[in-house]
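Start at 1 and go down the list; that is how both ligands and their atoms are numbered. Heavy atoms only: backbone and side chains are in, while hydrogens, waters and symmetry mates are out. A quick note: this is a predicted structure, and the numbers were derived from the prediction, not measured. Along the sequence shown, residues are numbered consecutively beginning with 1.
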Amino acid sequence: MHALVVTAHPDAASFTHAVARQVIAGIEAHPGHTSELADLAAEGFDPRFTAADIGLFQRRGPADASVLAEQRRIDRADLLVLVYPVYWWSLPGLLKGWIDRVFTQGWAYDDVPEGSTVKMLGRLAVQLVGIGGADEGTYARRGYADAMRTQIDHGIFGYCGAPVVGSDFLLHSDPPSRERALRRAFEIGSGLAAAAPHRRTARP
Ligand SMILES: Cc1cc2nc3c(=O)[nH]c(=O)nc-3n(C[C@H](O)[C@H](O)[C@H](O)COP(=O)(O)O)c2cc1C
């Protein structure tokens, strides 16, 4: 299995990056399974939806080169892992913009004129790891985890037909929960590799 682990946090010393490193360590603890980190902040991905992007959506023009490059990177993977900080009970803008721009009509899904949607990402397993500063009680009381799963797991990946194989929230409101979250991140990576078919290399 080859995993693309995507993060969207500007600080490499952040808890988000520490979690991403643990997920990768868990995957790579299984020989033959590989991973690649896509650090959208360090790479300077531009999340702003452009005139070319809306032109592609409306079938008036081609995809931007930077969008195609992201799609190729996803195409090489069997598994996509999003490791992101929860900002205002949602994805951070950088990651939301990456999805808006990269999960395009004609590559991720196709809204055919008769009104149905062709789901085009059935080959891509997805694991979500949201990292929150609030405690479990707050998430449970307000239904934030369910609301986010509805929007992200079903609304985005379900729409494209990509199976969501796991969806976790790692909360770190105090030091013990930080330690638990880092251990859980390793387990998530390890579990994904253990459950996946053996594959030595990324797709060409
Ligand atoms: C703009 C902003 C919005 C945030 N909104 C939430 C939120 O809605 N829920 C939550 O649990 N934590 C929220 N947080 C806390 C982040 O989730 C926290 O920074 C995150 O867990 C990542 O920690 P790190 O920055 O050390 O990686 C927010 C933080 C920022 C900067």
Nearest heavy atom to atom 15 (C) of ligand 1, choosing from P85, G133, S90, G93, belongs to G133
Aromatic ring proximity F49/F57, centre distance under 6.0 Å: no
I need the atoms of ligand 1 closer than 4.0 Å to a non-hydrogen atom of H172, numbered in the order shown. 20 (C), 21 (O), 22 (C), 23 (O)
Do any N/O atoms on T16 end up under 3.5 angstrom from N/O atoms on ligand 1? yes
Tell me whether the count of non-hydrogen atoms from other residues, nucleotides or ligands lying under 6.0 Å of CD in E136 goes above 12. no
Atom pairs and distances, side-chain donor-acceptor, residues 5-15, under 3.5 Å, sequence neighbours left out:
from: H9; atom 1: ND1; to: D11; atom 2: N; distance (Å): 3.1
from: H9; atom 1: ND1; to: S14; atom 2: OG; distance (Å): 3.3
from: D11; atom 1: OD1; to: A13; atom 2: N; distance (Å): 2.8
from: S14; atom 1: OG; to: D11; atom 2: O; distance (Å): 2.7
from: S14; atom 1: OG; to: H17; atom 2: N; distance (Å): 3.3

Closest protein heavy atom to atom 5 (N) of ligand 1, given as residue, atom name and distance to 0.1 Å: W88 N, 2.9 Å
Counting heavy atoms only, which of Y84, F169, Y87, F15 comes nearest to atom 31 (C) of ligand 1? Y87
Is it the case that atom NZ in K96 sees more than 12 heavy atoms from other parts of the structure closer than 6.0 Å? no
Only heavy atoms of I131, strictly under 4.0 Å: list the atoms of ligand 1 that pass. 17 (O), 20 (C), 21 (O)
Filtering Y139, W89, Y144 for the heavy atom nearest atom 8 (O) of ligand 1 leaves W89
Applying a heavy-atom cut-off of 4.0 Å, say which part of H9 lies close to ligand 1: side chain, backbone, both or neither. side chain
List the atom pairs, donor and acceptor, that lie under 3.5 Å between side-chain atoms in residues 65-73 and the rest of the protein, sequence neighbours left out.
from: S66; atom 1: OG; to: D64; atom 2: OD2; distance (Å): 2.5
from: E70; atom 1: OE1; to: R73; atom 2: NH2; distance (Å): 3.0
from: E70; atom 1: OE1; to: W98; atom 2: NE1; distance (Å): 2.8
from: E70; atom 1: OE2; to: R73; atom 2: NH2; distance (Å): 3.3
from: Q71; atom 1: NE2; to: V102; atom 2: O; distance (Å): 2.8
from: Q71; atom 1: NE2; to: T104; atom 2: OG1; distance (Å): 2.9
from: R72; atom 1: NE; to: D75; atom 2: OD2; distance (Å): 3.3
from: R72; atom 1: NH2; to: D75; atom 2: OD2; distance (Å): 3.1
from: R73; atom 1: NH1; to: E43; atom 2: OE1; distance (Å): 3.4
from: R73; atom 1: NH1; to: E43; atom 2: OE2; distance (Å): 3.1
from: R73; atom 1: NH2; to: E43; atom 2: OE1; distance (Å): 2.8

Side chains of Y84 and L94: does their closest heavy-atom pair fall under 4.5 Å? no
Determine whether more than 12 heavy atoms belonging to other residues, nucleotides or ligands lie under 6.0 Å from atom CZ of R48. no
Have a look at V19, T7, V83, V86 and point out the one with the heavy atom closest to atom 16 (C) of ligand 1. V86
